[in-house]
Each structure stands twice: as C-alpha cells, then as structure tokens.
Amino acid sequence: MSHNTATIWVETDRPCDVRVVNQEHGLDAAGRTFTAHGHHYAIVEVEGLAPGARIPYEVLADGESVWPEGDTGFPPSQIRTLDPDGGLRISFGSCRRSPGTVQQFGYDALASFADRLRTGGEAVTWPDMLLMVGDQVYADELSTEMSAYIEGRREPGELPDGEVADFEDYTHLYKLAWHDDPAVRWLLSTVPTFTIFDDHDIRDDWNTSYTWRQEMWSQPWWKPRITGGIGSYWIYQHLGNMSPQDRAADPVLKAVRTASDTTGDAGAVLDEFAEKADKQPDSTRWSYAHDWGGTRLIVVDSRCSRLLTKDRRGMLDDDEFEWLDAQCQGGMDHLLIASSLPYLLPMAIHHAESWNEAVAGGAWGKRGAGLGEKVRQAADLEHWAAFERSFRDVASDIVAVGRGERGAAPASISFLSGDIHYSYLARVTEPATQSKVSQIVCSPLRNPLMGKFRWANRLAYSRAAGGPFRALAKLAKVPVPPIRWRMTNGPWFDNAIATVELSGRDCTVRWETPKDGGKLTEMGHADIT
C-alpha cells in the first residue's frame, strides 16, 4: 500500500492468468499464478493509481469473473490508496480464534469492525490499513471444524495429535480463518493489510529457547510442521508485507515462479527455503518497514529471527538487530515499532522474566538453570524482558532517537503489540526524551483470558506487584532496567481492536470492544502526544 500502488493477493482453483480490472477507471493489471503443493496463488501489482483513490475492482481468472462472488450483500471491494492530506489511521490487534461460537470466544472484534465499515455509510471513519500482530491462526489449538478436517486426513493418534501437521493442513487452517467469515473476507479484500507472526501461527512458545528448539527438532513430525508453517506464512501473509520493489527483487519468489513454470509445482523449493529460514534465522528477514508521509512503521519479527545457541540468546539475530538499529531514526513525525510481543510489560512480569533468564542461564548454578528452563517453558516467559541484552539494546536506540541524536526527534515513539490477551497503555517516564514514548497493546481480537488467568494478570498489572519480583531479579544479579515506565490505561480483558490516528505531530489511540450483539463500543481512549 502506498499513495499510488496496490497489491492484490489471489488464491485460485487452477493455474491461470489473473487480471484485476475496472473498465470505468481504466484499471487492468495482470499476473500469472504460481503453484505450491498443488495450490495456486497470484500476486497482481497495480500501479499508476491516484493518491486517495477508491476504486471498485473485479478479479478475472482466465477471463472468468471470480470476485466478487455474486450478490453477497457487501459493498464492492475497493483498491484504496493513501491520501497524503488525510493523516494516517492504523487499526490493529492480535490473537484471533476462528471459527468458534460466541460462548467459546465472544464476539469477533475483526468481524464487528468489518460490519461497521460495511453498514456505516459515509459517516464511518475508515482505517488506512489493518495491522495484525500475531496469532492470525492457531495451529496448535484446533477448532471443531479443523479437527474434523484433520480426522479425514490422518489416522487417530497420529502425531502431532490435535495439531496441524503440514502445508496442506495449513491451507485449510487459513481458509477457516479468513474465507469462511464473509465479513472478514470482505474486509481483507478492501482494506490494505499487513501482518507479522507470533507463536501460535506455528506452535505455542515457538523458539522460547535453545533447549526448546532442540526438543522440537528431535521429533520426527517437526520438519513437515515447521516447513509447512513457515512456507504457508510466506504465501498467505508475508508476500503482502513486502513492497512491489522488494517482491520484484525477492530471490525466493523468483525461484518459486521458475519452479512452478518449469516443473508445475514449487512445493520442494518452498520447503527448502522454509527449513533454512528456521535453521538459519539470519538467512531470511521477516521484519519490514514502510514510510508514509511523516510516519515510519517498523514491523519486527520477534519469533523466527531469534538468536538461540548454547552460548548466546537474543530476541533478534545480529543481522536483524543491525537492520532494526538502522531503521530507528529521527526526522519523522512519528515512529511506530510493531512487535507481536510487548516491549514494555507490567513490571511484575518484566522482572519475573528477566529473573528467569538469569537463572536459566546459570546465575543460581546448574540445578537452578534446569529449573529455570522448566519454569520458562511452563509459564511462557519469553518476551523482550526474557532477552535482557536485546531489551537494553532497543532501549538505547529509542532513547537516542527520542533525544534527537539521530535526526529531529519524533513527536511520538510507540510500540504496537498484542500476544498477552489484554489491552493497555504504558508510558516511559525516564530518562527524559523529547519524544513521547509509549507501549500500546491490543489483544485479543477474539480469544479472551478466562478465570484464574485473568485474575493472575490483573494482579501482575498492579503497581505493588513489581517490587517483590524486582527483588528476586536483583538476587540473580539482573541490572536495573535502563528505562522506567508506568501503566496508565487499562487493563482491559475483552476482545478488542485498536486504532492509532496520526495527524501532523498529534497521535491518539482508541480501543473498541464488541458488545450487545457484536456492535463496537469504545473501551478506552488516550492522547499519546
């Protein structure tokens, strides 16, 4: 998405030529499908558009109209480009279980958001883009529909039991998540969308530690699972994150297209790429950045690019951090850094995770390290705080940008995150910077915490809970964090979607939750600048 380009992603039932057309507007862009494991996909680049365009479009496969699908009751899907004079609105969230009943997971904030856009008429305010920051699909917590599909493919008890196993399973998982809900399918066809994966897109606690990775690769079923997960993510999510220039230069896309044209199927090429991406994290960059007017959005992969060896651990490998460091610059009105995992957690959780990393690393001896690893995996202690060096490196970058040491300081520096299944705003209080530095969390879109888990996180959120855990971290010789922050809004535990609005040097955020039959209601609001 930009002021004059758009990208249309299409899945078809056969190899074909795909065209995106609107005769009235002189729109006619084409692309050829590629094939992976018997499934067919096309990327159509639309160029030369006017800024602020709103163009209905039709998709043709070998001349046959395939989208929109008849009289669905939804408005026409549109190509929407940025209006340079209209500011920027980014709606975001994470953690969406689909399908499922209202009794299981509540109302779907993403579907409710789509319904408001569909029915609101000219009075409704549209986002410029949708950003989904992790757990777009749940490969290890299956719906009834997904379980039934797997039962038709595998013998009872065949490993991995109760989880997806390969690329074919993933294609059906994505279909259930994005195709079966007409409102969500329409939303994705008309609002530019960016994503980044989190653990459940692959498996709970994905890349928690070196020990975790060794355990997974010792399982005979893991190779088709990880290659299927990463390969399908590349197709269903990552291709849309790239700019047209990046896609044109991407060696993987070129190899996939070549294999598809010469052998009829690029599945083996995709599997080889996916396995290498997992085993050699620095071989692939999933993070990306886009500049729109006075705003830079940096989306950070905090899962696949982790540095996990016997001797070193980092949230990002060395090449990835160098890239992030280069992206963190001033000269913008606003700097947004999206990471599926919150950078700033409630203090009790932050200190617990930093303590656990030190203990698992040997601060309390070999026996303590073994216990620390068990606690880490059992309690999901693997956010930025559990990668102490990475946390401090990012803090150094942000303080430098906020003090104007890398160009004129932005008005705001905001982290956008999900993962933890409740929403909040945290503000950095020390050290002093010219920029307002905040952590904005919106989670879940549809998968709320229940019972004791909600109670435990509400307790951890309280200010008083931080002290005892800081004392514990101090006993493990964890240094004081280089920045200080406080929780100012929330926590809210309902399903939610948030919208960050940027206009000039102003930045605001609004959280909304579906209530009363799924109608969105404001849950919280804050001025960031």
Side-chain angles (χ1 to χ4, degrees), residues 198-199 205-214 280-282 285-287 298-328 337-365 368-369 372-373 375-377 379-403 405-406 413 415 417 419 426 428 430-431 433 437 439 466 469-470 472-485:
D198 200 18
D199 56 343
D205 300 341
W206 179 30
N207 283 346
T208 291
S209 64
Y210 173 77
T211 299
W212 186 95
R213 284 181 58 84
Q214 296 301 105
Q280 300 176 36
D282 60 358
R285 175 163 298 128
W286 302 104
S287 301
I298 307 170
V299 182
V300 181
D301 163 29
S302 52
R303 281 293 176 186
C304 197
S305 298
R306 292 183 177 184
L307 174 64
L308 298 170
T309 69
K310 286 183 178 180
D311 304 316
R312 295 183 63 198
R313 57 184 275 111
M315 184 64 84
L316 309 175
D317 63 58
D318 294 336
D319 289 345
E320 195 81 3
F321 184 79
E322 287 182 11
W323 176 87
L324 175 60
D325 179 72
Q327 297 298 321
C328 290
I337 304 174
S339 163
S340 62
L341 302 173
Y343 178 67
L344 300 177
L345 291 163
M347 280 295 185
I349 301 176
H350 178 94
H351 293 315
E353 295 202 4
S354 61
W355 161 81
N356 175 261
E357 181 193 34
V359 171
W364 287 0
E373 180 62 35
V375 172
R376 171 190 287 162
Q377 294 193 31
D380 296 350
L381 304 182
E382 36 88 47
H383 296 80
W384 285 88
F387 293 80
E388 172 71 18
R389 177 63 182 271
S390 299
F391 181 88
R392 302 181 78 84
D393 286 345
V394 171
S396 178
D397 281 355
I398 295 310
V399 171
V401 174
R403 285 178 168 172
E405 297 171 8
R406 299 187 175 189
I413 303 173
F415 293 91
S417 304
D419 178 69
V428 170
E430 296 179 24
T433 61
V437 183
Q439 168 74 71
F469 286 98
R470 172 57 199 151
L472 195 62
K474 187 176 180 180
L475 290 175
K477 299 183 179 180
V478 178
V480 175
I483 57 176
R484 294 180 63 85
W485 63 96

*Asks:* State the CH2-OG distance between W384 and S354, to the nearest 0.5 angstrom.
*Replies:* 15.0 Å
*Asks:* Which distance, rounded to the nearest 0.5 Å, do you find between the CD of Q280 and the CG of D317?
*Replies:* 11.0 Å
*Asks:* Which heavy atom in F415 sits nearest to a heavy atom in I398, and how many Å separate them?
*Replies:* CZ-CG1, 3.8 Å
*Asks:* Do the side chains of E353 and E382 get nearer than 4.5 Å, heavy atoms only?
*Replies:* no
*Asks:* Just how far is it from atom CG of N207 to atom CG of L307, taken to the nearest 0.5 Å?
*Replies:* 11.0 Å
*Asks:* What orientation do F391 and W485 show, parallel under 30°, tilted 30 to 60°, or perpendicular over 60°?
*Replies:* tilted
*Asks:* Does the side chain of L308 come within less than 4.5 Å of W212's, by heavy atoms?
*Replies:* no
*Asks:* Rounded to the nearest 0.5 Å, what's the gap from OG on S209 to CZ on R376? Could you check?
*Replies:* 5.0 Å
*Asks:* Please assess H350 against H383 for the test side chain to side chain contact (heavy atoms under 4.5 Å, CB included), listing each intermediate value before the final yes or no.
*Replies:* CA-CA 8 Å; H350 178 94; H383 296 80; over 6 Å; no
*Asks:* Using side-chain heavy atoms (C-beta onward) and a distance below 4.5 Å, is K474 in contact with H351?
*Replies:* no
*Asks:* Quick one: closest heavy-atom pair of F321 and D393, and the distance?
*Replies:* CZ-CB, 3.3 Å
*Asks:* Which value, rounded to the nearest 0.5 Å, describes the distance between I413 atom CD1 and I298 atom CD1?
*Replies:* 9.5 Å
*Asks:* Say you draw a straight line from SG of C328 to CD1 of I337; how long is it, rounded to the nearest 0.5 Å?
*Replies:* 4.0 Å
*Asks:* Restricting to non-hydrogen atoms, name the atom on I483 and the atom on A395 that form the minimum distance, rounded to 0.1 Å.
*Replies:* CG2-CB, 4.2 Å
*Asks:* Indicate the atoms forming the closest heavy-atom contact of L472 with W355, along with that distance.
*Replies:* O-CD1, 3.3 Å
*Asks:* Could you walk me through whether R313 and E388 pass the salt bridge (charged side-chain N to carboxylate O under 4.0 Å, His left out) check?
*Replies:* CA-CA 9 Å; R313 57 184 275 111; E388 172 71 18; over 6 Å; no
*Asks:* So does R406 pair up with D397, basic N to acidic O under 4.0 Å?
*Replies:* yes
*Asks:* Using a 3.5 Å distance criterion without hydrogens, assess whether the side chain of Q439 forms a donor-acceptor pair with backbone atoms of Y343.
*Replies:* yes
*Asks:* How about D199 and S340: do any of their side-chain heavy atoms sit closer than 4.5 Å?
*Replies:* no
*Asks:* Assess the side chains of S339 and S417: does a donor N or O sit below 3.5 Å from an acceptor N or O?
*Replies:* no
*Asks:* Check whether S390 reaches the backbone of M315 with its side chain - one donor and one acceptor, N or O, closer than 3.5 Å.
*Replies:* yes
*Asks:* At their closest point, which heavy atom of V480 faces which heavy atom of R392, and how far apart are they?
*Replies:* O-NH1, 3.1 Å
*Asks:* What I'd like to find out is whether the side chain of V428 reaches to under 4.5 Å of the side chain of T433, using heavy atoms alone.
*Replies:* no
*Asks:* For the side chain of S287 and the backbone of D301, is there at least one donor-acceptor N/O pair under 3.5 Å apart?
*Replies:* yes
*Asks:* Where do R303 and W206 come nearest, in terms of heavy atoms and distance?
*Replies:* NH1-O, 2.8 Å
